[in-house]
Novice: 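After the structure tokens below, expect a handful of questions from me.
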Amino acid sequence: MSVSHSHSTEAHAHPELGFLRKYIFSEDHKVIGIQFLFSGLIFFLIGGTLALLVRLQIGFPQGSIPFIGRWFPLSWGDRMSPDFYAMIFSMHATIMIFFVIIPLLTGAFGNFCIPLMIGARDMAFPKLNMMSYWFMWPAFAIILCSFFVDGGAAGSGWTSYPLLASATMPAGQGFHSPASPHSGLGQICWLVALVFVGISSMMGSVNYMTTIINLRAPGMTLFRMPLTVWSMFITAILQSMALPVLTVALILQLLDKTINTTFFLPPGGMSFGNQHTGPGGGQTLLWQHLFWFYSHPAVYIMILPAMGMVSDIICTFARKHLFGYKPMVLAMAGIAGLGFIVWGHHMFQSGMDPRLGTGFMLATIMIALPSAVKTFNWLATLWGANIQYTTAMLNALAFVAMFVIGGLSGIFMAATPVDVFIHDTYFIVAHLHYVLFMSSVFGIFAGIYYWYPKMFGRTMNETWGKVHFALTFLFSNCTFYPMHIIGVAGHPRRYYDSTLYHFLDNVQSLNVFMTISALLLGVTQIIFLLNFVWSLFRGTKVGANPWHSNTLEWAAPSPPPHGNFLETPIVRRGPYEYGNPAIEDDYLPQTSPQPSGVPVAAH
Amino acid sequence: MQQKGWSIFFGAILLGAFLLFAVAPFVGWWLPANVSTFGPDVDRLFYIILGFTGFFFVLTGAILVYAMYRFAWRANTKSHYVEGNHRLEIAWTVVPAIILLFIAVSQISTWDTIKYYASMPNPDLVMQVTARQWDWSMRYADKPQPDNARAWAEVPAIDDIYLPSELHCWKGANVRIFLKTQDVLHSFFSPQLRLKQDALPGKTIPVWFNATDANTSYNAKTGKWDIDKNKRWEIACAELCGGGHYRMQGMIYVHENKEDYLKWLDGAKEAARSRQPEKKPPAVAKN
Amino acid sequence: MTETHDDSHDMRVKAYFSVFIALSIFTAVSFVANWAAHPERAWITPHTSFAIILGVAVVKAVLVGMIFMHLKFDWGRVYFVIIPISIMAMMMMMVLMPDIVIAWQPGQEPLEPAVSITGTR
Amino acid sequence: MTQAVHEHSEGHMGIPLPTGKVAMWLFLVTEIMFFTALIGTYIILRHGTPANSPHAWPTPHQVHLVEWIGALNTFVLICSSFTVVLAHHAAVKGDMKTVMRHIGITLALGCVFLVVKAYEYNAKFQHDILPGHIGESLPYPEKPAEGKIQLAESQAIEREKHDHPVGMQYFQRVKLQLEAIKKSSIPAELKAECEKLLDDMNPASAAAQAQAGAFRRPLNPAEVGERANEILEKAEKAGVALHLSPAIPFGNLWSSCYFAMTGFHALHVFGGLVIFVVILLMGLVGKLGPQHANMLELTGLYWHFVDIVWIFLFPLLYLV
Ligand code: HEA
Ligand code: HEA
Ligand code: CUA
Ligand SMILES: [Cu+2]
């Protein structure tokens with residue numbers, strides 16, 4: 001039970017905090033959110049750079065990269081070794097998911113938006129909130145150091161399936177793994193780092209839920225909350241239920257690796273050439289169950305907040321009331337609920353009982369339903385709108401377009417017989433980048449462009465923002481769309497060099513094309529980086545509500561002071577009163593007094 | 001105008017995406033040849049889903065682009081004020097629901113055929129494949145159907161034949177493979193047979209297929225069995241298994257008929273016998 | 001404090017005490033049930049004993065939850081937390097059952113599990 | 001430790017519960033899932049072992065688990081739950097002295113629990129019932145009939161190493177342990193038994209005996225396990241503790257589960273004890289007052305949860 005001091009007593013008389021308390025060990029949710037934002041973006045660069053290395057290898061399997069050998073002794077001279085390749089795509093995915101998307105969506109936007117959008121002064125437990133950020137630091141440090149430990153960082157994919165990840169020598173023979181050089185200390189670092197990420201997220205989610213349940217401003221009923229808050233709420237619920245399971249799985253694997261427990265090692269142990277593990281007794285498949293029990297809900301953790309944010313952004317710039325507010329909320333709840341019973345779709349070919357496969361398939365395909373409801377409601381919101389093409393809006397629209405592609409490819413894999421062919425091919429890689437990169441990341445970009453003025457009091461440069469958007473949209477499609485095609489041709493994923501295979505001869509040209517697009521995509525991000533930093537100091541200053549938006553955060557000054565609101569806002573209506581014909585303006589903030597002649601809305 | 005430009009930009013990219021899928025089959029970027037009895041079913045289901053998803057892709061894309069074009073910003077106008085529409089909500093819940101249910105249900109029987117142990121046909125040929133870092137160790141009994149195949153899969157017999165990474169069978173044979181692994185997870189993937197199955201440490205997993213086309217013939221000149229150049233059917237490993245994952249390659253030899261297979265088997269036995277002495281485990285004394 | 005119940009404090013202590021006694025007795029019951037099912041005695045079948053022991057554990061947990069953790073009073077305010085999590089917890093264990101426990105195992109196949117453990121007794 | 005004081009100040013919306021309590025319940029949700037995953041893992045792994053065979057799950061006796069000690073610990077935790085709830089009750093009434101006394105008792109009971117646990121763990125270490133240490137034998141096909149195919153004696157062990165490498169690890173472990181036992185002071189009879197086993201494990205001496213006429217082959221790990229178990233049984237009867245790894249089917253898995261589950265439970269108990277110490281210290285410096293009733297309730301919620309976990313762990317590990 002962590003604890004907070006009362007803000008009600010000191011709300012209007014803040015003692016000036018020192019630099020350290022104000023910007024580093026801050027308990028202010030906005031500062032913590034921005035801290036998450038900066039760390040997430042830095043890790044995005046690292047993860048992205050790794051992705052480019054991955055692409056280089058696939059596009060030019062025989063090519064050489066001069067600096068690799070100098071930095072990382074494990075590689076083969078000027079070329080990447082296959083082990084090294086395994087390491088970089090594993091770390092690419094790990095960093096992108098656990099150190100970029102989740103911290104950005106829930107950490108940065110969750111922290112920044114929740115209290116502001118429900119009209120609270122801060123999170124329920126500011127100290128806990130601070131701790132949730134600082135518990136990320138051991139994870140940051142460990143995951144970065146793990147590149148340089150003996151054997152290199154983890155290299156068993158972001159899924160870290162045993163036994164490749166977990167095989168160890170018998171007690172007393174050190175932490176080497178007979179399975180792969182990366183499964184020794186590097187894997188241990190991976191596990192420990194993720195445990196820290198998990199603890200951090202768990203603290204965050206308890207805090208978010210409590211805040212949303214108990215600290216809403218007067219008048220802010222549940223069904224007056226903006227979808228961003230709803231999505232954060234549902235995400236927090238997902239996290240609090242799913243994360244502990246991952247934590248257990250991580251700890252069990254950690255025990256397997258360090259003290260020779262046998263949770264994932266089958267009876268009799270396994271043999272690697274002339275090296276052998278200790279005795280066994282457990283079940284290899286158990287890890288996959290525990291892992292996906294978390295990680296499937298986790299993919300919704302990585303999309304729901306983006307969906308919520310995008311809904312708000314679309315409404316703001318479409319100047320239109322959200323179409324079907326309650327169905328949207330129910331759809332999110334439905335996705336979350338169903339999300340818990342579909343994890344087996346990652347395991348159709350894993351040797352899981354095929355009868356379970358049928359059940360998981362039915363559940364999985366049904367999850368397209370709430371997603372359909374969301375998609376059609378977005379489209380209906382745009383219908384008859386008055387769309388302002390700001391950078392934030394463009395990114396949000398791209399989210400909608402790309403999520404449909406990513407979601408529809410999910411249906412192929414959900415169908416068990418088709419998945420027999422498609423599983424672990426580039427079709428999956430295409431799917432996951434469409435939903436993760438092209439949906440979640442576009443959602444994040446949209447959120448950054450949208451809330452930037454609230455965070456820093458200045459807008460980002462719109463022109464460069466649009467250039468960045470257009471190029472990103474173009475190149476990311478060029479990078480990831482052809483992956484569907486090579487997936488259909490059977491190109492397995494996680495392949496260091498596919499030119500060995502006769503049936504893939506045709507598609508190598510596409511691989512080269514994708515690599516070039518990916519490099520251009522990487523260069524494009526420099527525009528974003530420069531725009532972001534430049535605008536911090538030189539962006540146009542703006543007032544409290546530059547987008548003429550309705551939600552509560554725009555009622556606070558930009559950037560909001562400690563304590564957020566000059567006076568506690570009173571909420572009088574839902575967040576989507578745009579284009580109401582009964583009033584003169586085309587928007588009506590949640591806090592504004594009821595204009596005369598307008599009937600009070602039902603909710 | 002600059003406003004409407006964005007809808008064209010979106011439209012162009014979505015159209016490009018659509019066209020790439022339309023063109024791909026004609027330039028060889030598509031499903032590999034299909035030589036398995038259940039393969040056509042898999043492909044049919046693939047096309048069914050492609051049809052539905054293609055339809056919804058075009059539908060949503062068209063609506064999005066049209067709305068972006070039609071409802072781009074105009075000063076001094078207001079958007080339509082609607083909060084929702086129950087009938088529409090129900091419609092776009094129920095229609096996809098029916099389609100999705102149809103998609104889901106249509107999968108079940110094919111899945112059943114491919115994977116359920118109970119519905120696997122009686123094998124004409126039994127073999128046991130052990131995956132390991134990084135090759136496939138194929139074990140053949142000295143006859144196509146060993147007695148008590150399941151037990152044979154567990155306990156090697158003395159006259160078994162081991163071949164690294166070469167899978168031999170004949171056209172039309174119901175082949176059953178008992179799939180094992182010696183170390184980590186691997187996955188037996190044959191694109192042309194539309195077959196994929198992970199090998200799970202500690203378990204023995206039955207897999208079956210029936211090839212509908214042959215690719216192997218006897219070359220009297222060299223005395224070897226040759227694969228047709230245009231029908232090289234590779235086995236790939238589809239589950240990350242360490243550094244050599246990408247080169248864990250196998251080759252499928254489908255003989256014309258059982259006679260050919262038996263002929264090949266005899267040859268293989270002969271070859272194995274001549275290799276025998278060095279291969280045996282540490283000295284065995286017979287008395 | 002937001003306890004909106006109206007029973008007197010002494011009633012509460014009484015309730016606590018009875019729960020405490022009940023818990024102790026239940027512990028003894030499960031111990032005895034196990035003892036009685038020991039192969040040497042086999043007064044009851046292992047299944048009966050299993051049912052008793054698990055039933056007792058559930059009852060004990062409910063007692064602690066309801067009385068000690070004040071769910072009796074707070075139920076109306078926290079049920080929306082507890083019900084989903086209970087379903088989730090049960091489901092997680094049950095869904096794994098068919099897979100790990102019966103997948104690719106005897107019954108369908110003529111042989112013992114792929115790896116069996118032999119003879120040390 | 002003060003309380004969260006956002007209780008509906010300024011007319012905030014929310015459910016009529018103190019924020020701290022909401023958060024505590026939500027925290028318990030994550031804890032429930034945590035232990036569900038652990039316990040679920042155990043149940044599943046356990047049911048995944050072959051049932052109705054002699055090689056099923058180890059019995060408590062095999063792994064030196066004493067049921068009544070577990071029951072005693074259950075009782076200890078129940079008592080402590082009772083005292084914590086009394087402490088909260090006293091705090092509501094403002095009787096801080098009683099609060100201190102009850103928290104003190106709870107702390108003591110918690111310590112008793114951990115001491116008993118430590119005692120149990122110690123027994124495991126003494127008997128070498130640790131993950132990765134226990135003899136787990138592999139499927140040994142029928143022993144070849146005498147005279148049919150015989151391994152050259154001196155190479156038998158080599159062959160074992162090749163065929164059953166994991167068993168050989170146990171083989172080596174027992175060998176070292178026996179050598180240590182040989183040097184210790186135990187009843188002569190037992191010592192002789194150990195020496196004999198050691199001798200039989202030695203391929204050289206087996207070969208020597210074979211030379212002398214009687215056919216002998218060195219023991220394989222499964223047989224070593226059998227013999228080690230016999231010796232252990234005799235030692236137990238004689239009241240001697242031998243540090244010798246037993247052979248127990250699925251013993252490694254059992255001890256993995258046992259240590260993981262009870263270990264994490266014990267960590268939670270320890271966490272609770274730290275909180276109690278803090279409360280006591282606050283009381284000692286006079287900072288504890290009726291305003292802390294809420295905090296005591298939250299502490300209690302946590303402690304009861306830890307109790308409930310044990311209520312399930314006890315039957316699952318010791319009884320069923
Ligand atoms: C944000 C992340 C995210 C999201 C939202 C999703 C969403 C979905 N995913 Fe995805 N998935 C991943 C991230 C995500 N996934 C990742 C990272 C992996 C790979 C993990 C790894 O192995 O490394 C993966 C892998 C993966 C697999 C495993 C493939 C394999 O390994 O063999 C499957 C299989 O069923 C699947 C299915 C689905 C489905 C059905 C949805 C659905 O939710 C999608 C629903 C949406 C729509 C369907 C579109 C909108 C709807 C309409 C326009 C209505 C009309 C449509 C119809 C009638 C069809 N995903
Ligand atoms: C949110 C998650 C996320 C994101 C954003 C990305 C982004 C990208 N991913 Fe990744 N990816 C995954 C999650 C993600 N990926 C996952 C889960 C896997 C599965 C891993 C597994 O199999 O275990 C995967 C696997 C994966 C593969 C398959 C590897 C294989 O199976 O062999 C490939 C290959 O092309 C790839 C490429 C890319 C590319 C080109 C990007 C680009 O979009 C990145 C663009 C961003 C940048 C480039 C950053 C900015 C860069 C600069 C500013 C450059 C300038 C700086 C310097 C030069 C120092 N990813
Ligand atoms: Cu074997 Cu990948
Ligand atoms: Cu999934």
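Bear in mind the structure is a predicted one, so any value in this text is a computation, not a measurement. We use all heavy atoms of the structure for the numbers below, so side chains are in, but hydrogens, waters and symmetry mates are not.
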Novice: Identify which part of M209(A) has an atom lying under 4.5 Å from any heavy atom of chain D, answering side chain, backbone, both or neither.
Specialist: both
Novice: For the pair M202(A) and Q239(A), evaluate side chain to side chain contact (heavy atoms under 4.5 Å, CB included) and give the outcome as yes or no after the intermediate values.
Specialist: CA-CA 7 Å; M202(A) 232 126 74; Q239(A) 268 188 336; over 6 Å; no
Novice: Quick one: which of L301(D), I32(D), L130(D), L38(D) has the most heavy-atom pairs under 4.5 Å with chain A, could you say?
Specialist: L38(D)
Novice: Rounded to the nearest 0.5 Å, what's the gap from CG on L313(D) to CE on M261(D)? Could you check?
Specialist: 4.5 Å
Novice: Can a donor-acceptor pair be found, under 3.5 Å and without considering hydrogens, that links the side chain of Y208(A) to the backbone of T106(A)?
Specialist: yes
Novice: Hey, which of G282(A), P279(A), G278(A), S205(A) has the most heavy atom pairs under 4.5 Å with chain D?
Specialist: P279(A)
Novice: Please state whether the side chain, the backbone, both or neither of I134(D) comes within less than 4.5 Å of a heavy atom of chain A.
Specialist: backbone
Novice: Please state whether the side chain, the backbone, both or neither of I237(A) comes within less than 4.5 Å of a heavy atom of chain D.
Specialist: neither
Novice: What do you reckon, are the aromatic ring centroids of Y161(A) and F264(A) less than 6.0 Å apart?
Specialist: no
Novice: Between F264(D) and F34(D), is the ring centroid distance below 6.0 Å?
Specialist: yes
Novice: Side chain, backbone, both or neither: which part of L255(A) has a heavy atom under 4.5 Å from chain D?
Specialist: side chain
Novice: Do the ring centers of F250(D) and W254(D) come within less than 6.0 Å of each other?
Specialist: no
Novice: Identify which part of L265(A) has an atom lying under 4.5 Å from any heavy atom of chain D, answering side chain, backbone, both or neither.
Specialist: neither
